[in-house]
Protein chains: 2
Amino acid sequence: MHVTTLCLGALAFGDATGYEINKMFEDGPFSHFLDASYGSIYPALTRLTDEGLVTCRTEQQEGRPDKKIYSLTEKGRHQLGDALGQQLAPDKFRSEFLFTVLFAHLLPRDRVRSLVDQRLAAMKEKVEDLSQADEEDTPGMDFARRYGHAVFAASIEFLERNRHLIEEAAIEEKAHA
Amino acid sequence: MHVTTLCLGALAFGDATGYEINKMFEDGPFSHFLDASYGSIYPALTRLTDEGLVTCRTEQQEGRPDKKIYSLTEKGRHQLGDALGQQLAPDKFRSEFLFTVLFAHLLPRDRVRSLVDQRLAAMKEKVEDLSQADEEDTPGMDFARRYGHAVFAASIEFLERNRHLIEEAAIEEKAHA
DNA sequence: GGATCGATATATCGGCGCTATATATGAGGA
DNA sequence: TCCTCATATATAGCGCCGATATATCGATCC
């Protein structure tokens, strides 16, 4: 699924600028399970306009570049429906933490401990984030939020119960002067 | 973390060919939380050789291209250690399933149901995969396997308990002639 | 027996997308 | 006063995935 399709999805929630779409990936409803950045969003919006899947109206602003507000066309809405009907790619998960943990037996114990601590802190923050429902959310958004909550909660519980496994495997270093 | 670093990591478990390294990402110990493909692995190995981080010996074969077996050098081992000491990128998770689910209220109920069924089947297979320990695994590999198991088990439980949320939101279609 | 398919093994091309950067300004904190 | 952050668009460079090319062997299938 290309960034163009993701942009169509973003616009299905209402008209938006490239800047606002970027925020949906950074902070917004997509942030926990999708990625896209300016370098792909702006070219995608241009391509979509060329293909008639979105339209663009410009709003003058002072001090800032003019806002370009994009809207889904009927053709674009249809195209999104098509994409959602196709075979979906399986989930992808990338973790440098787990890669690093593979070499726990080669790392100093302090390093492993700090890695786990950092990770626990980050995940607890995410769980906190995902705890509060929003009245305006679609059923799908609510579902995705709960899903994330469940997975992060399980991760935290696992980490707290099993961190000793890698910490014991790590290299104990003598206190250095 | 670049593919070059991941290759160094792969070779830390023993000498290997590009083909074998690829398998580590496809089926092997890395498959659940990392991605890399021929298009990046082969060039990476060439670069690593140029920089003296790995060495390469060629083994003649009949019928197939000659095997190029790569080994980590001392310099390469050191470089890997460095990378593992740097600040790690946070986990990334990409799910077209969750993206699609955001639009559950716009999709036919059959589609949503089939999506959930497919996903449950795939995840149950993964849990099965991750159930069996391997004597030869490093402590880190064992930890990563258990971690994956815990997360997938939690996902399955969540999906089974909450699938009704999106299925009820979906569009009920009349039986078509 | 012949055909097809999957595994073994290396390698490159095209194009997509991330990272960093450029540009410009107003608001708020140090 | 200065710096950082938010707003807003845009591009260049480069890393990486997906598809493709090439070649052979063993297994399965009809």
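Below, read A as the first sequence line, B as the second, and so on, with proteins coming before strands; counting in each chain starts at 1. In this text the structure is predicted, and so the values were computed from the model without any measurement.
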K.L.:
Quick one: label A:Ala44 by what it contacts on the DNA or RNA (base, sugar-phosphate, nothing), any heavy atom closer than 4.0 Å.
P.N.:
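Counting heavy atoms under 4.0 Å across all strands, no contact is made by A:Ala44.
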K.L.:
Does atom CD of A:Glu51 have more than 12 heavy-atom neighbours from other groups under 6.0 Å away?
P.N.:
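Check passes, neighbour count above 12.
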K.L.:
Find the distance between CD1 (A:Ile156) and CG (A:Leu159) and round it off to the nearest 0.5 Å.
P.N.:
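So the CD1 of A:Ile156 and the CG of A:Leu159 are separated by 8.0 Å.
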K.L.:
Look at B:Asp50 together with B:Arg47 and state whether they make a salt bridge at an N to O cut-off of under 4.0 Å.
P.N.:
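No, no charged N to carboxylate O under 4.0 Å.
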K.L.:
Assess the residue pair A:Phe143 and B:Phe158 against the criterion (ring-ring contact (aromatic ring centres under 6.0 Å, His included)); give the C-alpha distance rounded to whole Å, side-chain angles, the decisive distance to 0.1 Å, and a yes or no.
P.N.:
CA-CA 10 Å; A:Phe143 178 87; B:Phe158 176 87; 5.3 Å; yes
K.L.:
Go through residues 76-93 of chain A and report each residue with a non-hydrogen atom lying under 4.0 Å from DNA chain D, sorted by number.
P.N.:
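A:Lys92, in order of number.
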K.L.:
Could you check how far CZ of A:Phe25 sits from P of C:dC18, rounded to whole Å?
P.N.:
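Distance check: A:Phe25 CZ to C:dC18 P gives 9 Å.
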K.L.:
Per the end-axis method with five pairs at each terminus, what is the bend angle of the helix from C:dG1-D:dC30 to C:dA30-D:dT1, to 10°?
P.N.:
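The value is 40°.
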K.L.:
Can you see if the side chain of A:Ser40 gets near the phosphate of C:dG17 - specifically, an N or O under 4.0 Å from OP1 or OP2?
P.N.:
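Checking C:dG17 against A:Ser40, no side-chain N or O comes under 4.0 Å of OP1 or OP2.
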K.L.:
Rounded to whole angstroms, how far apart are CG on B:Leu34 and P on D:dC17?
P.N.:
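It is 10 Å, rounded to the nearest whole Å.
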K.L.:
Considering residues, nucleotides and ligands other than B:Arg113, do more than 12 of their heavy atoms fall under 6.0 Å from its CZ?
P.N.:
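More than 12 within 6.0 Å, yes.
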K.L.:
At what distance, to the nearest 0.5 angstrom, does NZ of A:Lys75 lie from OG1 of A:Thr55?
P.N.:
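Between A:Lys75 NZ and A:Thr55 OG1, I get 12.5 Å after rounding to 0.5 Å.
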K.L.:
Do the side chains of B:Asp15 and B:Arg57 get close enough for a salt bridge, i.e. N-O under 4.0 angstrom?
P.N.:
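Judged by the 4.0 Å cut-off on N to carboxylate O distance, B:Asp15 and B:Arg57 do form a salt bridge.
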K.L.:
Are the aromatic ring centres of A:Phe13 and B:Phe103 under 6.0 angstrom apart?
P.N.:
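Distance test on ring centres: under 6.0 Å, yes.
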K.L.:
Hey, mind stepping through B:Tyr19 and B:Tyr42 against ring-ring contact (aromatic ring centres under 6.0 Å, His included) and telling me if it holds?
P.N.:
CA-CA 9 Å; B:Tyr19 183 77; B:Tyr42 282 117; 8.8 Å; no
K.L.:
Extract from the structure each pairing of a protein N or O with an N or O of nucleotides 5-9 of chain D at less than 3.5 Å, listing the distance.
P.N.:
residue, atom, partner, partner atom, Å
D:dT7, OP2, A:Tyr19, OH, 2.7
D:dT7, O5', A:Tyr19, OH, 3.2
D:dT7, O2, A:Arg64, NE, 3.4
D:dA8, OP1, A:Gln61, OE1, 3.0
D:dT9, OP1, A:Lys68, N, 2.9
D:dT9, OP2, A:Tyr19, N, 2.9
D:dT9, OP2, A:Tyr42, OH, 3.0
D:dT9, O5', A:Tyr42, OH, 3.4

K.L.:
State the CD1-CD distance between A:Ile69 and A:Glu20, to the nearest 0.5 angstrom.
P.N.:
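Those atoms lie 7.5 Å apart.
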K.L.:
What is the distance, rounded to the nearest whole Å, between atom CG of A:Asp35 and atom C1' of D:dC17?
P.N.:
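Going from CG in A:Asp35 over to C1' in D:dC17 covers 16 Å.
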K.L.:
I need the CZ-P distance between B:Arg47 and D:dC14, as an integer number of Å.
P.N.:
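Roughly 12 Å, once rounded to whole Å.
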K.L.:
Quiz question: by atom type and distance under 3.5 Å, do the side chains of A:Gln118 and A:Ser114 form a donor-acceptor pair?
P.N.:
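Yes - a donor-acceptor pair under 3.5 Å links their side chains.
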K.L.:
Tell me the interatomic distance from B:His2, atom NE2, to C:dC18, atom C1', rounded to whole angstroms.
P.N.:
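So the two atoms are 11 Å apart, to the nearest Å.
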K.L.:
Specify the separation, in whole Å, of atom CG of B:Asn22 and atom P of D:dG18.
P.N.:
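About 11 Å, once rounded to whole Å.
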K.L.:
How long is the line joining CE of B:Met1 and P of C:dT19, in whole Å?
P.N.:
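Answer to the nearest Å: 14 Å.
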K.L.:
Between B:Ile41 (CD1) and C:dT8 (C1'), how many Å, whole number?
P.N.:
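Rounded to whole Å, this separation is 15 Å.
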